[in-house]
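All remarks here apply to the structure that follows.
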Amino acid sequence: MEKKTIVLLGLLLGALAYGTPVQAQVTVGVIGGLNLADISGDPPVEGASYGSSTGFGVGAIGEFHLTSGVWLSVQPMYLRRGSMIQFEVDGQEDPQDSVSVALDYFTVPVLAKITAANEKVFVTGGLNIGFLASATGTTVGVGEESDIKDSLRDFDIAVDFGVGVQLPIGRPRILIEGRYEQSLVNLADLGESTTPGLPTRFRSSGLQLWAGLLLPLGGGS
């Protein structure tokens, strides 16, 4: 299923590139922000649950004008995902944070961006291909860190949806966007799982807040 998705994405990008005029307007920029990440799926052990963890991301933007109000936005970036694993503790009313999971990815969101209100408001959506750079689990309060990368897939495919504004300050524009991301792939590597307690099925999700700076290179404002 994952291979078919990658092939379809490649065909889509090829079709868009073929249909984009050579003299189309191009915008470049930088982006950064916070990712309120979570994990959903099977709990690692009985009595455990997942909680949110705050990560961050930073990257670049390249946007290509396709037609009136429609852009293709490619945003290679470094992004931290993760979660807190919480356990029920005798004598405590609420589950307690026990293990922090940090998943560092190099990601390439490929998004369709539709603008309105003189290009000051936009909605966006598309696929995000991620490549796992590192993965660690840290025991809260102890600081003991373990490498869990060998127990996870090397790649992820997620779907992204967002809404935002881009405000001109002369020729450049300031971008502010809220985005939701949901992984489509089981992140556990069932063939090489070596980490005790790692669930056999789980996916990442996150609410993201981005800020950036865009600079049109030509063909208009």
Side-chain angles (χ1 to χ4, degrees), residues 1-3 5-6 30-60 75-90 92 94-110 127-160 162 178-212:
M1 179 63 70
E2 294 85 354
K3 292 182 179 179
T5 303
I6 294 175
V30 294
I31 190 171
L34 298 178
N35 182 26
L36 184 61
D38 203 349
I39 285 177
S40 60
D42 297 338
V45 296
E46 186 178 354
S49 60
Y50 296 109
S52 298
S53 176
T54 302
F56 64 94
V58 61
Q75 304 176 4
M77 67 174 64
Y78 167 87
L79 179 65
R80 168 160 287 190
R81 299 166 174 162
S83 182
M84 298 297 298
I85 300 179
Q86 304 171 325
F87 294 89
E88 296 179 356
V89 178
D90 292 340
Q92 299 289 336
D94 298 319
Q96 303 299 302
D97 293 338
S98 297
V99 178
S100 172
V101 177
L103 310 177
D104 294 330
Y105 282 86
F106 292 108
T107 69
V108 186
V110 180
L127 292 180
N128 187 346
I129 308 299
F131 303 92
L132 184 64
S134 65
T136 57
T138 304
T139 304
V140 176
V142 177
E144 181 180 347
E145 187 176 284
S146 58
D147 188 343
I148 61 174
K149 186 173 184 293
D150 288 343
S151 299
L152 303 176
R153 291 188 186 273
D154 292 331
F155 71 94
D156 181 35
I157 301 174
V159 60
D160 288 12
R179 189 181 301 178
Y180 174 76
E181 180 176 278
Q182 174 63 61
S183 173
L184 303 176
V185 176
N186 178 16
L187 299 183
D189 189 332
L190 303 182
E192 299 184 12
S193 182
T194 59
T195 304
L198 188 73
T200 57
R201 293 179 302 173
F202 66 95
R203 292 173 170 80
S204 176
S205 62
L207 291 173
Q208 302 167 352
L209 179 62
W210 298 109

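Along the sequence shown, the residues carry numbers beginning at 1.
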Using every non-hydrogen atom in the two residues, find where [X] and [Y] come nearest and quote the distance to one decimal.
{"X": "A135", "Y": "L152", "result": "CB-CD1, 3.5 Å"}
{"X": "F202", "Y": "N186", "result": "N-OD1, 3.1 Å"}
{"X": "Q182", "Y": "S40", "result": "NE2-OG, 4.5 Å"}
{"X": "G82", "Y": "S53", "result": "C-CB, 4.1 Å"}
{"X": "P76", "Y": "P109", "result": "N-CD, 4.5 Å"}
{"X": "S83", "Y": "D38", "result": "OG-OD1, 3.6 Å"}

Quiz prompt | Spacing of D160 atom CG and R179 atom CZ [to the nearest 0.5 Å] | solution =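 Rounded to the nearest 0.5 Å, the CG-CZ separation comes out at 5.5 Å.
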Quiz item: Taking atom CZ of F155 and atom CZ of F131, what is their separation to the nearest 0.5 Å?
Solution: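 F155 atom CZ to F131 atom CZ measures 9.0 Å (nearest 0.5 Å).
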Exercise. Applying side chain to side chain donor-acceptor pair (under 3.5 Å), run through S183 and D156 and close with a yes or a no.
Key: CA-CA 7 Å; S183 173; D156 181 35; 2.6 Å; yes
Quiz item: Are R153 and D189 within salt-bridge range, i.e. N to O under 4.0 Å?
Solution: no
Quiz prompt | With F56 via ring pair (Phe, Tyr, Trp, His ring centres under 6.0 Å) - residues at least two apart | solution = Y78
Practice problem: Go through the steps for V30 and V58 under the test side-chain contact (heavy atoms from CB on, under 4.5 Å), then give the verdict. | Solution: CA-CA 8 Å; V30 294; V58 61; over 6 Å; no
Would you say [X] and [Y] make side-chain contact, with heavy atoms under 4.5 Å?
{"X": "L187", "Y": "L103", "answer": "yes"}
{"X": "T136", "Y": "K149", "answer": "no"}
{"X": "V108", "Y": "Q75", "answer": "no"}
{"X": "L127", "Y": "V110", "answer": "no"}
{"X": "T107", "Y": "R81", "answer": "yes"}
{"X": "N128", "Y": "I157", "answer": "no"}

Show me the side-chain donor-acceptor pairs of residues 203-211 shorter than 3.5 Å, one per line, residues at least two apart or across chains.
from: R203; atom 1: NE; to: L184; atom 2: O; distance (Å): 3.4
from: Q208; atom 1: OE1; to: W210; atom 2: NE1; distance (Å): 3.0

Practice problem: Any pair with a residue in residues 99-108 that passes salt bridge (charged side-chain N to carboxylate O under 4.0 Å, His left out), sequence neighbours left out, goes on the list, sorted by first then second residue, please. | Solution: R80-D104
Practice problem: Name all residues meeting the side chain to side chain donor-acceptor pair (under 3.5 Å) criterion together with S100; count only those two or more places apart in sequence or in a different chain, and write none if there are none. | Solution: none
